[in-house]
Amino acid sequence: MNILQTYQTFYFVGIGGIGMSALARYFNASGKKVLGYDKTNTKLTQNLMNEGIDIVFEDLVDERITSLKKEDTLVIYTPAIKKLGILDFFNQNQFEVLKRAKVLGLITENTDCIAVAGTHGKTTTSTLVAHLCKEADLPFSCFLGGISENFKSNFLYNGSKYSVVEADEYDRSFLNLSPDWAVVTSTDADHLDIYGDINHIEEGFRQFAALVPQDKQLFVRKGLEIGRGHQTYAVNEPADYYSDNLRMDHDKIYFDFHTPTETVKDFVWEIPGIHNVENATVALAILHNLGADFDTLKKAIANFKGIKRRYTKHIYQNGKIYIDDYAHHPTEINAVMSSIRTFYPDKKLLVAFQPHLFSRTRDFADGFAESLSKADELILLDIYPARELQENFEGITSSWLLDKVTLDKKEVSTLSDAFEKIKEKDFDILLTVGAGNIDTLYDPICEWIEKV
């Protein structure tokens with residue numbers, strides 16, 4: 001029996017994280033008692049509380065915790081939290097304490113799991129797979145790393161035969177999963193604080209790919225070496241599944257989709273970038289293999305609205321455009337910038353970027369500088385530390401990174417000063433980008449530009 005069935009209460013340490021909150025919603029939807037702690041009250045934690053989940057924001061061991069029974073309570077934590085009194089209490093009192101990835105892995109054991117991995121593209125691809133499953137009315141649940149604009153959530157329950165999960169490579173979490181179907185979108189260097197170098201990252205993805213029982217149910221972007229048999233997908237070049245004949249008409253992209261035996265013409269959607277057509281290609285390949293018909297898939301692709309903070313775009317009557325994106329790696333920033341320059345080649349672009357992690361800033365400084373130099377003007381926010389401490393990364397600051405950027409118009413700003421600085425700038429397009437708490441600027445910016 002799955003050990004999850006033995007618990008009626010689930011306590012989440014770090015419940016406001018995107019992956020943790022999806023699990024919390026799953027158990028809450030299953031009728032379990034769900035409560036937890038997070039350091040910061042956000043829109044996401046507010047939504048969780050509105051859904052009936054009890055959340056505290058102080059590290060206090062109060063009656064709500066001491067009244068919990070260890071035989072009835074499973075504690076779930078994220079490795080991003082290193083030290084916490086609440087977590088110490090649970091460990092000292094011998095509660096069952098499991099990492100988020102382990103619990104997600106236990107859930108996938110009892111489903112046909114579709115797991116999407118990759119250092120870039122996994123959130124869009126997994127969310128799109130989930131959207132296509134919903135439109136095809138397949139019995140599935142999904143655990144996503146972003147907020148679907150169609151679902152308005154990172155979790156959806158539509159049955160239990162399939163599970164769609166974002167397979168996170170951080171801390172080798174994806175090795176806890178039991179994938180029946182899997183995608184590998186990319187194996188670029190990232191999380192070098194965990195892996196050390198690119199060779200170990202690539203080995204981690206090979207270990208993940210080895211978990212898939214059948215070659216025909218593993219889909220890998222063409223050109224990646226994954227160490228076993230698989231199906232390939234690509235854009236603008238032949239593969240087992242590929243898309244080509246891409247063309248733009250206003251804000252829409254049209255493309256043709258090829259399976260090993262047929263061609264389906266004129267898919268259309270509004271998500272920009274060749275890399276996103278690539279994500280759509282593999283999502284279509286999986287759903288085709290699950291038996292979905294192409295009429296359904298065409299309609300589903302056309303009404304896919306994307307993911308919150310993945311190229312979220314607003315066009316205002318005053319002519320200004322505001323784009324918000326989660327990109328936090330040079331490859332991702334390049335993809336966003338390329339899409340903007342493709343659609344709006346003559347517009348003046350102001351970028352406000354918040355680096356995420358001292359280690360990532362250090363490891364990819366030259367790549368960040370090259371990407372950010374493609375803007376017309378840059379506001380570089382202080383580094384968002386997440387789980388890291390500045391004292392362990394002496395000299396790694398936003399000022400240090402800014403010196404590498406070749407723009408004339410560039411400056412460093414705190415998050416608290418950034419909005420006022422943005423209001424002083426002359427721009428056609430504003431891009432806010434980063435994975436930390438830069439998203440707190442989103443609502444004020446939207447309200448301000450509307451009135452300009």
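Values in this document were obtained by computation on a predicted structure and should not be read as measured data. As a basis for the values below, the full set of heavy atoms in this structure was taken, side chains included, without hydrogen atoms, waters or symmetry mates.
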Checklist entry - When you look at Ser163 and Thr108, which way does the side-chain hydrogen bond (donor to acceptor under 3.5 Å, both in side chains) test go after all the steps? => result CA-CA 7 Å; Ser163 61; Thr108 65; 5.6 Å; no

Item to check | N-O pairing of Lys299 and Glu135 below 4.0 Å | outcome: no

Checklist entry - Any luck finding a side-chain donor-acceptor pair between Lys374 and Asn334 under 3.5 Å? => result yes

Checklist entry - Applying the ring pair (Phe, Tyr, Trp, His ring centres under 6.0 Å) test to His258, which of Tyr242, Phe267, Tyr233, Phe294 qualifies? => result Tyr242

Checklist entry - Do Phe208 and Pro179 have side-chain heavy atoms sitting under 4.5 Å apart? => result yes

Next on the checklist: Determine whether Lys43 and Asp443 satisfy the following criterion, salt bridge (charged side-chain N to carboxylate O under 4.0 Å, His left out), listing intermediate values before the conclusion.
Outcome noted: CA-CA 11 Å; Lys43 280 186 179 179; Asp443 287 339; 2.6 Å; yes

Next on the checklist: Can you confirm if the NZ or CZ of Lys122 lies within 45° of the ring axis of Phe174 and under 6.0 Å from the centre of its six-membered ring?
Outcome noted: no

Checklist outcome for this item: The ring pair (Phe, Tyr, Trp, His ring centres under 6.0 Å) partner of His131 among Phe304, Phe140, Trp269 is Phe304

Item to check | Donor-acceptor contact present, side-chain His120 to main-chain Gly118, <3.5 Å | outcome: no

Checklist outcome for this item: For Cys142 and Phe155, the nearest pair of non-hydrogen atoms, with its separation, is O-CD1, 3.1 Å

Checklist entry - Thr281 and Ala234: which non-hydrogen atoms are nearest, and at how many Å? => result CG2-O, 3.8 Å

Item to check | Close side-chain approach of Val164 and Leu156, heavy atoms under 4.5 Å | outcome: no

Checklist entry - In terms of side-chain geometry, is the basic nitrogen of Lys425 or Glu411 positioned less than 4.0 Å from the acidic oxygen of its partner? => result yes

Next on the checklist: Is the distance between the ring centroids of His314 and Tyr442 under 6.0 Å?
Outcome noted: yes

Next on the checklist: Pairing donors with acceptors under 3.5 angstrom, does anything connect the side chains of Thr414 and Ser416?
Outcome noted: yes

Next on the checklist: Would you say that Thr342 contacts Met248 through its side chain, given a criterion of any heavy-atom pair below 4.5 Å between the two side chains?
Outcome noted: yes

Item to check | salt_bridge(Arg247, Asp256) N-O dist < 4.0 Å | outcome: yes

Next on the checklist: Can you tell me which residue among Leu349, Leu350, Ile321 is in a side chain to side chain contact (heavy atoms under 4.5 Å, CB included) with Phe427?
Outcome noted: Leu350

Item to check | Short side-chain donor-acceptor distance under 3.5 Å, Tyr322 and Thr432 | outcome: yes

